[in-house]
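For clarity, every value in this text was computed on a predicted model and none was experimentally measured. Protein chains get the first letters and strands the later ones, always in sequence-line order, with residue 1 at the start of each. The figures here come from the full heavy-atom set of this structure, side chains too, leaving out hydrogens, waters and symmetry mates.
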2 protein chains.
Amino acid sequence: MSASFEASRRMAEFERECRRRGLSLTVQRRVILEELIARRDHPTADQIYEGVKGRLPGLSRTTVYRVLETLVEVGVAHKVLHHDAVVRFDGVTERHHHLICLECDRLIDLEDSLVPDVHPPDAGPTGFSIRDYSITFTGICASCQQPAERRRWQSN
Amino acid sequence: MSASFEASRRMAEFERECRRRGLSLTVQRRVILEELIARRDHPTADQIYEGVKGRLPGLSRTTVYRVLETLVEVGVAHKVLHHDAVVRFDGVTERHHHLICLECDRLIDLEDSLVPDVHPPDAGPTGFSIRDYSITFTGICASCQQPAERRRWQSN
DNA sequence: CTCCGTGCAAAAGGTTTGCACTGGT
DNA sequence: ACCAGTGCAAACCTTTTGCACGGAG
């Protein structure tokens, strides 16, 4: 399955969901979702803004924030939790996990297939109904294990 | 094991670690750690500040931020990742997991013993060396499953 | 006595809000 | 034509930084 096919499938899913919910299909929403799907990193709202402003003259940062929030509500994007107090977004909505380097804070995706299934606990007493999960593995990334030379990363 | 015993054990651990690293044992550090250990929620820096400023007249918010950062470095506190773009702290350093309500964003702790062990993957190709992990379960909390009545939470 | 740690004020981000306007439906 | 969505500017909130003072070691 090619990346572009996957992208258009996701876009179609988004359009369908918008109609179902009575949300307008604006250029901004489409372009921002495209950008998010195309990127394999975990961009911040501002990085998305930088990435799409060429294609959307006059675009406002505010709109990027609002659109990203919408995409999350609709379910075509996820928020990623990183400890830098900046919200990051993920266009990959299939279940996957994260590796976070304790040294440089780099965040790497990990396919779900590499991780044994977790049987979600009953959470019985709390009455919490579990829908999905994601595992955050902490450790040291390859570059930070090296003898402290040439390890610079654009903070992901 | 009583909560207060556990608290003093943690405090002792902190003091030992400070001496080992040549860090000063200031009142601020002690009181802030006490507060963090005493709380069972996941307070923000500001909530900690509100909680301790009575005991530390003239305390600066800046100091709270710096001290919390120190506690994390020393290893007696953890950062908790929440998608509200505000850093939260956790005085529980034993491995545990989180339940996050998709509806109200509430964050609930889940003991590790309730969750089957995850055998950390090799992460072979990436060269990442895994040290620990934490699972975030997403779903709907008890109150949000109720017929949409009386569900208000102090945003945890 | 020497620094590390603190307090204060100010700056730096990131994110949200109010309001008028525009573009989807 | 109507109303959701956008752009802009300003507000807001969290977090960081620079500097001088004071207290821990």
Side-chain angles (χ1 to χ4, degrees), chain A residues 11 14-33 35 42-74 77 79-89 105 155-156, chain B residues 14-33 35 42-74 77 79-89 105 154-156:
Chain A
M11 185 58 70
F14 173 63
E15 295 180 358
R16 190 179 341 114
E17 197 60 19
C18 279
R19 278 187 219 99
R20 199 174 71 71
R21 304 187 184 214
L23 296 175
S24 298
L25 280 161
T26 64
V27 202
Q28 289 88 339
R29 286 180 177 162
R30 250 188 283 252
V31 172
I32 290 175
L33 176 55
E35 173 78 5
H42 303 87
T44 64
D46 202 69
Q47 290 171 323
I48 291 284
Y49 172 76
E50 290 300 326
V52 301
K53 70 175 175 191
R55 271 173 287 165
L56 292 172
L59 173 68
S60 162
R61 233 172 281 262
T62 310
T63 299
V64 176
Y65 280 100
R66 283 190 286 223
V67 167
L68 286 170
E69 212 59 50
T70 305
L71 298 183
V72 170
E73 274 163 33
V74 169
K79 283 189 181 181
V80 175
L81 313 176
H82 197 292
H83 40 236
D84 59 2
V86 180
V87 180
R88 287 157 187 278
F89 295 87
D105 265 17
S155 88
N156 216 344
Chain B
F14 173 62
E15 294 180 359
R16 190 179 341 114
E17 197 60 19
C18 279
R19 276 186 221 98
R20 199 173 71 72
R21 304 187 184 214
L23 296 175
S24 298
L25 280 160
T26 64
V27 202
Q28 289 87 340
R29 285 179 177 163
R30 251 188 282 252
V31 173
I32 290 174
L33 177 55
E35 172 78 7
H42 303 87
T44 63
D46 201 69
Q47 290 171 323
I48 291 282
Y49 172 75
E50 290 299 327
V52 301
K53 70 174 177 193
R55 272 173 286 164
L56 292 172
L59 172 68
S60 161
R61 233 173 281 263
T62 310
T63 300
V64 175
Y65 280 99
R66 282 189 287 224
V67 168
L68 286 170
E69 211 58 51
T70 306
L71 298 183
V72 170
E73 273 163 33
V74 169
K79 284 190 182 179
V80 175
L81 313 176
H82 196 292
H83 41 237
D84 59 3
V86 180
V87 179
R88 289 155 186 279
F89 294 87
D105 265 18
Q154 54 277 39
S155 89
N156 213 343

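- Take the nearest nucleotide of DNA chain D for Val27(B) and for Ser60(A): the residue whose nucleotide is more 5' is Ser60(A).
- Side chain of Arg61(A) to backbone of Asp46(A): no donor-acceptor contact under 3.5 angstrom is found.
- Taking atom CG of residue Asp46(B) and atom C1' of nucleotide dT15(D), one finds them 11 Å apart after rounding to whole Å.
- When the nucleotides dC8(C), dG5(D), dG7(D) are ranked by their closest atom to the side chain of Thr63(A), dG7(D) comes out on top.
- Note on Glu69(A) versus Arg66(A): no salt bridge recorded, every NZ/NE/NH1/NH2 to OD/OE distance being 4.0 Å or above.
- Residues Thr26(B) and Thr62(B) both approach DNA chain C. Their nearest nucleotides, taken by heavy-atom distance, put Thr26(B) toward the 5′ side.
- Contacts of Gly22(A) with the nucleic acid, taken as non-hydrogen atoms under 4.0 Å apart, are absent.
- Counting to the nearest Å, the P atom of dA11(C) and the CZ atom of Arg61(B) are 18 Å from each other.
- Rounded to whole Å, atom P of dG23(C) lies 14 Å from atom CG of Leu59(A).
- Contact annotation: Gln28(A) side-chain N/O to dG7(D) OP1/OP2 distance is under 4.0 Å.
- Side chain of Glu17(A) to main chain of Phe14(A): no donor-acceptor pair is present (N/O by atom type, distance under 3.5 Å, no hydrogens or angles).
- Distance Tyr65(B) OH to dC13(D) P: 12 Å, rounded to the nearest Å.
- Atom CZ in Arg21(B) sits about 22 Å away from atom P in dA24(D), given to the nearest Å.
- The base of dG7(C) sits within donor-acceptor range of the side chain of Arg66(B), with an N or O pair under 3.5 Å.
- Computed from coordinates, the Lys53(A) NZ to dT6(D) P distance equals 19 Å when rounded to whole Å.
- With respect to Arg21(A) and Glu73(A), no salt bridge is recorded, no charged nitrogen being found less than 4.0 Å from a carboxylate O.
- The CD1-C1' distance, from Ile32(A) to dG5(D), rounds to 12 Å in whole Å.
- Defined by atom type and a distance below 3.5 Å, a donor-acceptor pair is missing between the side-chain atoms of Ser24(A) and Thr26(A).
- Toward the 5′ end of DNA chain D lies the nearest nucleotide of Ala45(B), the other residue of the pair Ser24(B) and Ala45(B) mapping further downstream.
- Computed from coordinates, the Leu23(A) CG to dG24(C) C1' distance equals 12 Å when rounded to whole Å.
- In this model, the phosphate group of dG5(C) is approached by a side-chain N or O of Arg29(B) to a distance below 4.0 Å at OP1 or OP2.
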